[in-house]
Each structure stands twice: as structure tokens, then as C-alpha cells.
Amino acid sequence: MKQKAIYPKVATDLYWVQLFWALGFLGVLLVIQIIKTILSITKGIEMNQYFDAVFIAANIFMLVIGIISSYGFLPYYVGNGVTRKDYFKGTAIASVGLSITIPIIASLVSVIQIFLVNVVNLSILKDSSLGKNAPVNEDGLIGEMIQSIILTPFVDLQSNWLLAIFVFALNIFIYYLVGWLIGSGFYRFGVLFGLICIIIAFIIIYAQDILLRIVLDLPVHDMFASLQLPIYASGIGIFVLIVITLWMIRQLTKRVAIKM
Amino acid sequence: MTLTVEATDLSLTYGGHHALQKLSFRLSDKKIYGFLGRNGAGKTSLLSILASFREQTSGSLTINEEAPFENPNVMQQVAFIYSKDYKDESDNVKEILEGVERYRPYFDKEYAQHLIQKFNLPLTKKVKEFSKGMQSALNVTIGLASRAPITIFDEAYLGMDAPTREIFYQELLEDQANHPRIMIISTHLVSEMDYLFDEVLILHKGSLVLQEEYESLISKGVSITGAASEVDEFVHSMKLLNVQQLGNTKSVMIYGELTERERKNAQQSGLEVGPISLQDLFIHLTEEGN
């Protein structure tokens, strides 16, 4: 009864399904971008480029589809005779692929946008200022945690496109993972544990924010401003954070009973 | 290849509720097994362990001596069809079947197409807009066309009207004849489905009451029909399952086989001896207090 591994198939299918959703999301943002362009031309105000706009919105998109994973895909795959392990591997691989694809699409559209704006010689696009957003002095951890969600570390596409895409991908990948973690927490143990997972998710995002800021040499939140970490250590820190999150998701879904 | 399903002291407890208690049985032939039990008897719990939807608390369940849970080789061999909730399903029949086809190694696309036509299901309408009966027909289509060596239908007929259920039963018998496999059907519509079963397992309050061939099971009891006084006299020391009377004619179901001599006596008294229905036996065996 031996057969070849099934998770590559799961990964491929999940990648395409979620990319299809992502294209819908990117399409909506494109329409908004076009409307904003018309408004900018007529009213003479500056606007973000497409890459920046997607960067701001994609976190929430990834969080939501991450949450859906446990409720939608897990029962679907187990119901089709796929193990939880293959589901887990497939989902993880697909989410990496999706996290890389979205910023690539966004940057391509952005390049076309910049080209078109330059051709007609308009100066409606703002310089990317997202990266320069420094955390405001906030008292207490909660304020800083909320800022870590609002002011996500960002690299301008035109300053270093490869790094910009990488940081974008890393960011939305983490959001997908915490969404998946929250969904799995609710699925396995119900509301109370799910709420605990939301708090854990906040902590993961906050930690990733600090580490990424250190790596990118961006201003760090007050509470950790004195933290002197070498860049490679922060890089390893981010990697460990991802591994821990994946490990928690696997523990939650490893032996979970499928709801009928 | 024939698979063997073997349960030994299989138990499941959750939330302080003993859903299954030390069940032991063995299914080793390509037959249609009827799993009967009243509401809450533990049918779905048992079948969901078989389908790796959950794990047992203790005891063992194996398929060809391998535990099915998280076992990729075994899980592919088992298809579990139940009344699935499709309220969020925006895919249509075509898309759903394409998905199943990718993950079910023995899926027969043409046969699925044939069933879709038989059940008169629209291919391009969103499944969430289907009636409950149509959704059940889709489930049954998936279950039959997947041709999994172990196919489980857990009250899969819910919401189907009588003609649709009849199509289901006919297709099931026909496909089982053409592609024999271990087919497990759980139901409490006993009187309607009894003719499908080769072997019957009755569950009651999480325990296995009996496992027996259908034919030998229904010979466990007889019905005696005739004049009320004659019948009363004949059955007075026997275990009655059911009594029906119309005017002076009485029909009594009794549990237990008749001896040759009793049969002769019945004949001499002008009584008619007939077979008992599985439904009557089922009701008797799962009565409160039993």
C-alpha cells in the first residue's frame, strides 16, 4: 500500500487556491489605486505607490486566510484521506510560496505604475515614507505592541528592491503563521484557548518587529532601544521565532479530532 | 486485496461521556456491513476512529494490522461519507469532484458522472445552494465513485426523498457487485435498508450487542399469525418482541428459534409461521433496560 508523498500535491493545490484569493485581493487594491490616481491628478495630492498600498493591507489578508486554514482546509484534507502531517507540510510550503508571490506581483505592478506616471510626467507618487516611521514614545508594553502592528518594518522598493520584497514576504508570512496559530487554537481547544493564542500572536508579532528593526537598522521601540544585538543574532532570532510558531501549530493540529 | 478491520477493546471517552466501551469485532470480507444503533449509540464515534477523524482513548483498531490514525497508506484506503455541512461551500459539483479525484486513488470519474445524472444534480450550481437531499446525493456520489477499499456511509441519506434513497440503494448494490469492497452503512432506517446488509453489527450504549450474518440473524426469531386464542396459547411461554392484533387475528413476533416439533404444532393449530424483521429484532435488542 506504499505510495509517494502527498504533501507536494497539497502544497501545490493550496498555493493556487490561496493565490486565486490573493489575486482578488490585489485586484481590489488595484481598482482603489486607479481611483486614487484619478483623484490625485484632479486634486493634485500625492499618493502611495501600489507596492506600499499592498504592504499596508496584505498583513490583514494573510492573517485572515491563515485563520481559515484550520477550519477549512484541515477537515477537507483529512476527509480526503490526507494525514494531518501532510496537511501541515503542504500548508507551510504553500504559505511560503504565497508570501513571496504577493510582493513580487505588487512590485511588478508598482514598477509599471511608476513607469506610466513618469511617462506622462506626473508627480503624484509620494516618496515611500513607511520605512521612516519611527515608533512614537509610548508608555508601556501594550502601546508598543500595537505600534508594532501599525508601523511594520518596511524597506522602500526603489532603494533596494530585493530586500524590499524579502522584508515584505517575511512580514506577511509571519501574519499568515499567527493567523494559522489562532485558527488552530480555536479549532482544537475552543474560545478560551483561542483567545490565549491571540495574545501569543501579539507577542510573536512584537518580537518579530523588534528583531527585524534591529536587522534593518530601523528605530527600535523604547523598551528595547538599549538592546544591542548583532544583526546575525537578530536574523537567527527571527528564524527561531518562525520555527517556534510552526512547532506550536503542529502541536495543536497533530492529533486534533476533526469536527463533523 | 482484501483488507481486515480489527477492533480490540476499543474505547472512547470525551467530556466524561463513554461513547464507546470495549468494542471488539472483525470485518474481513468484502461485504456490506450494517451498523445499527439508536441515536447516541456510538456509531459515528466508532466510524470516525476508523476514518482517522479522531483517536480512541484506549484499545486498538487496525486495518491490515496497521493503526489508521495519521497513517498515509491506510487513510487513503478509507472514505468516510457523512452528512457534511456545506453552508459555506461556494464550489460547484464539478469543482468538488475534481478535488476528490486528486486525492482518491481509485476515483472513477465516469461513474461519478453517471451518478450525478442519476441523482439529477446540477453541475455548475453552488453546492451551498443545494437542498439537504441534493447535498446528501453529492456525498453519496463521492463515496461510491471514490471506490475506496473501505467505504463508510454514516447516515448518508439524510434529507433524501424516498425515490432518491432508492437510487442510492440500487447503485450501492450494483457497484458493490461490480467492485466489491468493505462497505459500512450506519443507519437507524432499519426496515428500509435491511435487504442491503450481508452482515449486521448492533451497537447499544457504546457496546457491541451482536455481530452476525443477516440471514442467520433474522432466523433468530419468528412471527406467528393466526386466531388470537390459538396464538396466545402457542406463545404463552415464549419471549415476545411485538404483538399486533386486528379483529380476531393476532400476529406475534417471538425471539428464539422454533424446534421442529413446535413448527409442526403450529401448523396443526392452523398458525402461520413467518420470518421476523430486522427492525423488530433491532428494537428488541436496543430497548431501554436491555
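Applying the 6.0 Å contact sphere to CZ of A/Phe166 captures no more than 12 heavy atoms from other residues, nucleotides or ligands. Within 6.0 Å of the NZ atom in B/Lys94, the count of heavy atoms belonging to other residues, nucleotides or ligands does not exceed 12. The environment of NZ in B/Lys118 is sparse: at most 12 heavy-atom neighbours from other residues, nucleotides or ligands sit within 6.0 Å. Within 6.0 Å of atom CZ in A/Phe173, more than 12 heavy atoms from other residues, nucleotides or ligands are found, so the atom counts as buried in its surroundings. For A/Trp21, the CH2 atom is densely surrounded, since the number of other residues' heavy atoms within 6.0 Å is greater than 12. Other residues, nucleotides and ligands contribute only 12 or fewer heavy atoms inside 6.0 Å of the NZ atom of A/Lys254. Annotation for B/Lys31: atom NZ counts as buried by contact number, over 12 foreign heavy atoms lying within 6.0 Å. Within 6.0 Å of atom CZ in A/Phe239, 12 or fewer heavy atoms from other residues, nucleotides or ligands are found, so the atom counts as exposed in its surroundings.
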**OP:** Apply the test side chain to side chain contact (heavy atoms under 4.5 Å, CB included) to residues B/Phe69 and A/Arg255: give CA-CA distance (whole Å), side-chain angles for both, the deciding distance (0.1 Å), then the verdict.
**Re:** CA-CA 9 Å; B/Phe69 192 81; A/Arg255 315 203 84 88; 3.9 Å; yes

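A salt bridge is absent between A/Lys85 and B/Glu70; no separation between the charged side-chain nitrogens and carboxylate oxygens falls under 4.0 Å.
Using a 4.5 Å cut-off between heavy atoms, B/Ser48 touches chain A through its side chain atoms alone. With a 4.5 angstrom heavy-atom cutoff, A/Val256 touches chain B only via backbone atoms.
The most heavy-atom pairs under 4.5 Å with chain A, out of B/Ala148, B/Pro68, B/Ser52, come from B/Ser52.
Taking CG from B/Asp88 and OH from A/Tyr71, the interatomic distance works out to 12.5 Å, rounded to the nearest 0.5 Å. Note that the CG atom of A/Asn80 and the OH atom of B/Tyr103 stand 8.0 Å from one another [nearest 0.5 Å]. Taken from CE in B/Met75 to OG1 in A/Thr83, the straight-line distance is 6.0 Å, to the nearest 0.5 Å. Atom CE of A/Met260 sits about 9.0 Å away from atom OG of B/Ser83, to the nearest 0.5 Å.
With contacts defined as side-chain heavy-atom distances shorter than 4.5 Å, the pair B/Arg102/A/Asp13 qualifies.
Considering every non-hydrogen atom in both A/Gly81 and B/Gln76, the closest pair reads O-NE2, 2.9 Å.
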